[in-house]
Every structure is written in structure tokens, then in C-alpha cells.
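All residue numbers in this chain count up from 1 along the given sequence.
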Amino acid sequence: MSVSSGKWSEGHDVIILGAGLAGAVTGLCLARNGLRVLLIDDRGHPRFAIGESSTTPASLWLRLLADRFDVPELLSLVTHDSVARDVSASSGVKNNFGFHYHREGEPAPSRSWQAVIASAAGADSELHSHPRGGETHYFRQDVDAFMWRAALNGGVDGRVGARVENLSFDPDGVRVHLSTGEVLSCAFLIDASGIASPVARSLNLRDAVPSMRTNSRTMFTHMAGVAPYDDVTSVPRTLSPWHQGTLHHFFDGGWMWVIPFDNHPASTNRLCSVGLNIDNRRFPRETADPEREWSAFLGRFPSIAAQFENALPVRPWVQTERLQYSSQKCVGDRFWMTTHATAAVDALYSFGNINTFQAIAAAVPAILAAFEDRRFEVSRFEPLQRLNDNLFRFHDRVVYGSYQATRSPDLLATWLALWALTDTARIRELLIPMIRRVRSGDARELEFYDRDPANIFTGLGHCTGVEHCSQMLDRLDSWCDIMGELDGGQASIESVRERLDRSVQHESPFGVRLDVMEQSLGQLPWTYAPLSRAGLKGYGSVFLTGEELNRIGVDREPNRQQSLD
């Protein structure tokens with residue numbers, strides 16, 4: 001899908017505010033399809049950024065963008081091997097989501113779980129002896145700089161040191177007023193600048209109270225000297241070493257991320273990303289000094305502190321009040337705001353990059369079609385608004401329930417099982433058309449997303465039928481209502497667990513037991529049967545039903561139990 005660029009305004013067809021990952025990816029997709037794009041930012045590269053954890057859904061969306069919009073540069077970001085080859089060896093490998101539950105004063109975690117990720121190379125070998133080839137811990141300063149260069153080399157114009165003072169929207173275009181006194185013009189504006197969104201500021205779009213159930217705060221930095229958790233814990237060995245994944249330390253009222261960049265032999269980066277996240281309602285901040293809060297936290301949890309005995313921050317802590325923000329809308333006449341410019345929830349489960357790339361996959365064809373028709377009214381972009389609303393509703397509810405579940409390791413296990421069901425849903429909706437595309441050679445298979453982008457992450461897992469998105473989100477809301485009763489002191493932990501399990505088994509179309517789902521974490525990789533015949537080695541049949549595999553002509557291979565010896 002391409003556009004023959006006409007002179008829609010006095011300047012560029014599209015101006016993108018923000019030269020991070022979202023801005024560069026979007027700009028390159030649009031420029032490759034015929035639009036004149038200017039990417040501007042008040043800062044240059046390299047620079048610090050979070051959003052460091054890749055996931056299988058995020059990588060699948062990148063593959064879709066690369067194939068559909070002729071942007072092979074994006075394939076450099078889809079596996080750890082490709083990042084190490086094309087970008088730098090400074091990013092880490094991610095072969096699992098690791099979870100530990102800690103109680104104050106105890107020397108070891110109370111419970112541990114692991115969800116092993118499919119890896120393009122590692123799925124065919126024992127993970128302990130093959131630490132490379134899966135998803136990635138992005139060292140964002142290098143990844144973002146790579147995409148900035150790729151955008152410029154791909155025909156995008158770029159400017160740094162350009163601070164936006166004001167925006168004006170007219171029937172014939174958009175004008176961007178810079179601090180230098182310059183006024184730039186375009187036919188369509190994309191805001192990919194994150195929390196400091198000039199569009200949100202100029203149009204007064206931010207909600208005074210964020211429209212989220214989640215209410216958390218965070219503090220984060222990069223550290224040197226963080227020990228691999230495998231070296232300091234007595235937790236039994238699992239399918240994948242804890243140090244080869246994104247580690248989540250849960251405790252009553254919050255969680256902490258540990259994202260190592262040094263977890264493969266070829267790494268040139270000895271840093272580790274660390275973030276502490278706490279429920280604002282239950283545990284409001286007592287000090288404005290992040291170092292003091294960090295030290296007090298480690299003092300309460302020796303089972304976590306062991307990992308940080310020799311660790312030191314290499315950059316100042318970033319500390320927030322409430323992390324969440326939201327906006328009244330993300331689209332309007334002649335503009336679209338990317339997900340991080342519109343809203344934020346919490347880093348738990350690494351939804352950020354998934355949401356970003358999924359929204360770009362919907363926005364690019366909508367923007368190209370607008371230029372074809374020379375029409376940019378807000379009604380054309382309403383599907384992007386519905387998608388945005390659904391993505392953040394989904395994200396917020398899963399995270400909110402997790403914070404409430406931290407009161408008990410048993411309740412957290414129940415909620416982790418619900419998360420595992422929801423995560424597989426996103427993958428299965430992408431796999432079928434992508435496999436058809438590989439087998440048929442017909443790129444039109446990837447246009448499935450245009451018809452109803454807001455309803456693409458439907459269903460809750462591979463083991464059941466698919467619900468419409470609105471039904472699924474309503475059901476997730478009902479589960480959060482149950483968790484809210486616990487939050488309000490109207491229900492016990494055990495009664496909440498029983499009601500959630502009963503709902504999934506008997507009051508929904510899913511018919512699965514949550515305790516069985518929880519027990520499966522760490523038993524088998526989520527993807528254990530490579531679809532090599534379909535050209536998607538490493539993305540296996542656990543995400544698809546047997547009926548779906550038969551329909552697309554892929555033989556289902558038997559499960560392979562991997563040795564833990």
C-alpha cells in the first residue's frame with residue numbers, strides 16, 4: 001500500500017513529534033510508502049529510555065509491519081540474535097518471564113513461577129546450554145539510535161534540538177511552532193513524544209484524574225553489579241535460568257523488575273535495569289529521597305537484597321508520583337497520538353511495546369488511506385480511538401488485578417494464570433494470518449487487521465473459542481470487580497480465588513481450571529512445537545488449537561517434554 005505524495009501543505013506531508021522507537025518506526029513505514037515525513041525531537045541520540053522488554057506479541061507485530069509496509073529494517077529488532085547482529089551486543093536475551101513472591105524478613109521466596117518464551121533458535125535446544133536466540137532486553141539507547149538512523153537512511157527527514165512551543169490546527173493543515181521562532185507545516189501530525197505530549201498540552205486533553213483502576217508509583221535506574229538471581233537463591237533449577245529472562249519480584253503491595261543486559265556471553269554491557277513499583281493507595285510514598293526508599297525496601301526483603309549486595313546505580317533514580325496518565329482522545333482532525341503519548345498504565349507484563357506496535361499497525365494504513373482521499377477528518381480515525389481504548393482497558397485491568405493479588409502468593413498464582421490466558425490470545429490472532437501469508441506468498445493476508453483493528457486481541461487463550469472483544473473486556477472487568485471487593489475489605493482471599501476459578505470454569509466459555517494453568521508455568525515452554533514448515537520457526541502450536549492448525553495446513557507435532565536435569 002503506497003501513496004504518491006502530493007503537495008498537501010507548504011511543508012511535509014507528516015510531521016512526527018518524538019524520535020524514539022514509536023516515532024521512528026511509524027515514520028519509516030510512512031516514508032517507505034510514499035509520504036514526505038519529518039521526525040523532530042528536542043533531544044538527540046543516544047539517550048536513556050525505558051520500555052526495555054520485548055515479547056513474542058511485540059515481535060510478531062514488528063514482523064507484520066516489516067512485511068506489509070516493506071520495512072525490512074524492523075526485522076533487526078525481532079529476535080535477540082538479529083539485535084546482536086544488526087544493532088549491537090549491548091542488549092540482553094529474554095527467554096522467560098520469571099516470578100518470585102517474597103515475604104518481609106524471609107531469606108528465600110515463598111513461591112516461584114516461570115513462563116518460558118518461544119525462541120527462534122533456542123526452542124530446538126535445551127535452554128540452559130543455548131542462552132541466545134529468543135526475545136530481547138532492549139538497551140534502548142542503542143536500539144532507538146539504530147531506528148533513528150534507519151529512519152533517516154530510509155528517506156525520513158530529521159531534526160533534533162527542536163522544542164515545540166505551540167501547535168495550530170487549521171482546515172488546510174497543521175502548523176508546528178518551534179522555540180527557534182520557526183513555523184513548520186504539514187497535512188497530518190503524529191505525536192509520539194510520550195508523557196510530555198505537545199498535542200495533549202495544546203488541546204488540553206489530559207484527564208485530571210487518570211481513567212485507570214491501577215494507581216501505582218515507580219522509581220527506576222540502571223545498575224552495575226547486580227548478581228544473577230540463580231547465584232543467590234535456593235529456588236530449584238527451572239527450564240530456563242532466571243538470569244536469562246525478565247525477573248519480577250512480587251511482594252505485598254508491589255513488584256520489582258530486574259532486566260539484565262549482560263546475560264549472554266557476547267554481551268558488551270554490564271548494566272541491569274531495575275525498577276521498584278508500589279501500590280499508591282495502600283503504601284503512599286513516605287520519602288522524596290529514592291535512595292532512602294530503596295535502602296529501606298531492601299532492608300525489609302533479604303531474599304531480594306541478596307541480589308543487590310554489590311550493586312550501584314550508574315544514573316540518578318527516576319521517581320514518580322502516580323505513574324498513570326490518560327487523555328480524553330488520541331485522534332482528531334489531522335492528528336493521531338501514539339499509545340505512550342496518550343496514556344500509561346504500568347510496566348508489569350511488558351505490555352508497552354505490544355501496544356505501541358499494534359497501534360502503529362492500525363494507524364499506518366489509516367493515514368495512508370487519508371492521504372489517498374485527501375481527507376483528514378476525525379471520523380476517519382475513530383477505529384484508532386476504539387483500539388486505543390480497548391488496549392488500555394485491557395492493560396489496566398490485568399495490572400490492577402495483579403496489584404490486588406500481591407496480598408497472597410496463592411491469589412497471585414490464580415491471577416498469573418489469568419494473565420497467561422490473556423497473553424496467548426494476542427499471539428494466536430496474529431499467527432494464523434502470518435502463517436497463511438508465508439504459505440501463500442500473498443501479502444493481502446496481512447490486511448486482516450484493517451477490517452476491525454479494535455477487536456484483534458480477542459479471546460482468552462488457545463484452549464477455547466474466541467469471544468468478541470467487548471465481551472472479553474466486560475468479563476475482565478467483572479474479575480477486577482471481584483478483586484475490588486478484596487481491596488475494599490468485603491471479601492477474603494480464599495473466596496476471591498474460588499469465585500475467579502468458578503467464573504473461568506463454569507460461568508464463561510473457557511472451561512479451564514486456573515490451578516492447572518498455574519501448575520503449567522515452568523513445566524513446558526509456551527511454544528514447544530516449531531512451525532518450521534510454515535516459515536515461522538520457533539512460534540509453535542501451543543498458541544493455536546488443533547482445528548486451527550488443520551485449517552491452515554500445518555501438522556501438529558507432539559509435545560516435547562524438556563529435561564530439567
Side-chain angles (χ1 to χ4, degrees), residues 20-26 28-29 49-69 71-84 86-87 91-97 115-120 123 133-140 142-144 146-147 150 192 194 245-246 248 257 259 273 338-340 344-364 387-388 390-392 394-395 398-399 419-420 422-431 433-434 446 449 453 456-457 526-527 536 538-539 543:
L21 196 55
V25 169
T26 306
L28 189 51
C29 289
I50 58 171
E52 298 156 320
S53 182
S54 175
T55 60
T56 302
S59 294
L60 284 171
W61 283 114
L62 281 174
R63 289 178 185 271
L64 182 147
L65 289 167
D67 192 2
R68 183 172 180 195
F69 301 112
V71 189
E73 296 92 333
L74 300 183
L75 297 177
S76 295
L77 305 184
V78 299
T79 68
H80 177 263
D81 285 348
S82 64
V83 172
D86 299 339
V87 181
S91 290
V93 68
K94 177 173 179 173
N95 279 330
N96 67 75
F97 284 83
V116 179
I117 296 172
S119 59
E135 298 298 335
T136 311
H137 289 157
Y138 289 146
F139 191 51
R140 284 290 299 269
D142 289 353
V143 171
D144 288 20
F146 169 83
M147 280 310 307
T246 301
H248 304 71
W257 79 67
I259 302 177
S273 179
T338 62
T339 52
H340 278 97
V345 179
D346 192 278
L348 185 57
Y349 305 126
S350 306
F351 280 132
N353 286 328
I354 303 173
N355 293 347
T356 293
F357 300 143
Q358 183 170 357
I360 293 171
V364 169
L387 171 64
N388 179 85
N390 286 347
L391 287 175
F392 280 107
F394 182 88
H395 185 177
V398 173
V399 171
W419 164 71
T422 64
D423 196 71
T424 57
R426 291 171 176 252
I427 299 166
R428 68 194 297 277
E429 291 296 319
L430 276 166
L431 270 179
M434 290 188 72
L446 301 182
Y449 194 51
I456 289 303
F457 60 103
W526 282 6
T527 297
L536 288 174
Y539 295 110
F543 297 122

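Atom NZ in Lys94 sits 10.5 Å away from atom OH in Tyr138 (nearest 0.5 Å). Here the CD atom belonging to Glu73 is positioned 5.0 Å from the CG atom belonging to Leu28, to the nearest 0.5 angstrom. Rounded to the nearest 0.5 Å, atoms CD (Glu52) and OG1 (Thr246) are 9.5 Å apart. Note that OG of Ser59 and CG of Leu64 are 12.5 Å apart. Values are rounded to the nearest 0.5 Å. A distance of 6.0 Å separates CD1 of Ile259 from OG of Ser350, quoted to the nearest 0.5 Å. Separation of atoms CE (Met147) and CG (Leu74) is listed at 5.0 Å; rounding is to 0.5 Å.
When all heavy atoms of Ala22 and Ile360 are compared, the pair lying nearest together is O-CD1, 3.8 Å. Taking each heavy atom of Ala362 and Pro453 in turn, the nearest pair found is CB-CB, 3.9 Å. A pairwise comparison of heavy atoms in Leu387 and Ala359 identifies CD2-CA, 3.8 Å as the closest pair. The shortest non-hydrogen separation linking Leu446 to Pro433 is CD2-O, 4.2 Å.
You'll find the side chain of Arg63 reaches within 4.5 Å of the side chain of Thr79, heavy atoms only. In this structure, Phe139 and Val87 have side chains that are not in contact, with every pair of non-hydrogen atoms separated by 4.5 Å or more. Residues Val71 and Leu65 form no side-chain contact, since every pair of their non-hydrogen atoms from C-beta on lies 4.5 Å or further apart.
Residues passing the salt bridge (Lys or Arg N to Asp or Glu O under 4.0 Å) test with Asp144 are Arg140, sequence neighbours excluded. Under the rule for a side chain to side chain donor-acceptor pair (under 3.5 Å), Thr338 has no partner lying at least two apart in sequence or in another chain. For Asn96, the side-chain contact (heavy atoms from CB on, under 4.5 Å) partners at least two apart in sequence or on another chain are Gln114, Ser240, Gln244. Taking the side-chain contact (heavy atoms from CB on, under 4.5 Å) definition, one finds that Ala347 meets it with Trp255, Trp257, sequence neighbours left out. A search for salt bridge (Lys or Arg N to Asp or Glu O under 4.0 Å) contacts involving Asp142 returns nothing, not counting sequence neighbours. In this view, Ala363 and Trp336, Ile367, Leu384 satisfy the side-chain contact (heavy atoms from CB on, under 4.5 Å) rule, not counting sequence neighbours.
Just one of Thr26, Leu21, Leu60 meets the side chain to side chain contact (heavy atoms under 4.5 Å, CB included) condition when paired with Phe357; it is Leu21. Of the candidates Val398, Thr339, Val345, Phe351 forms a side chain to side chain contact (heavy atoms under 4.5 Å, CB included) with just one, namely Val398.
Side chain of Asn353 to main chain of Thr55: no donor-acceptor pair is present (N/O by atom type, distance under 3.5 Å, no hydrogens or angles). Thr136 contributes no side-chain N or O that, together with a main-chain N or O of Ser54, makes up a donor-acceptor pair within less than 3.5 Å. Judged purely by atom type and a 3.5 angstrom limit, His395 uses its side chain to pair as donor or acceptor with the backbone of Asp346.
Taking the six-membered ring for Trp, Trp61 and Tyr449 have ring centres closer than 6.0 Å.
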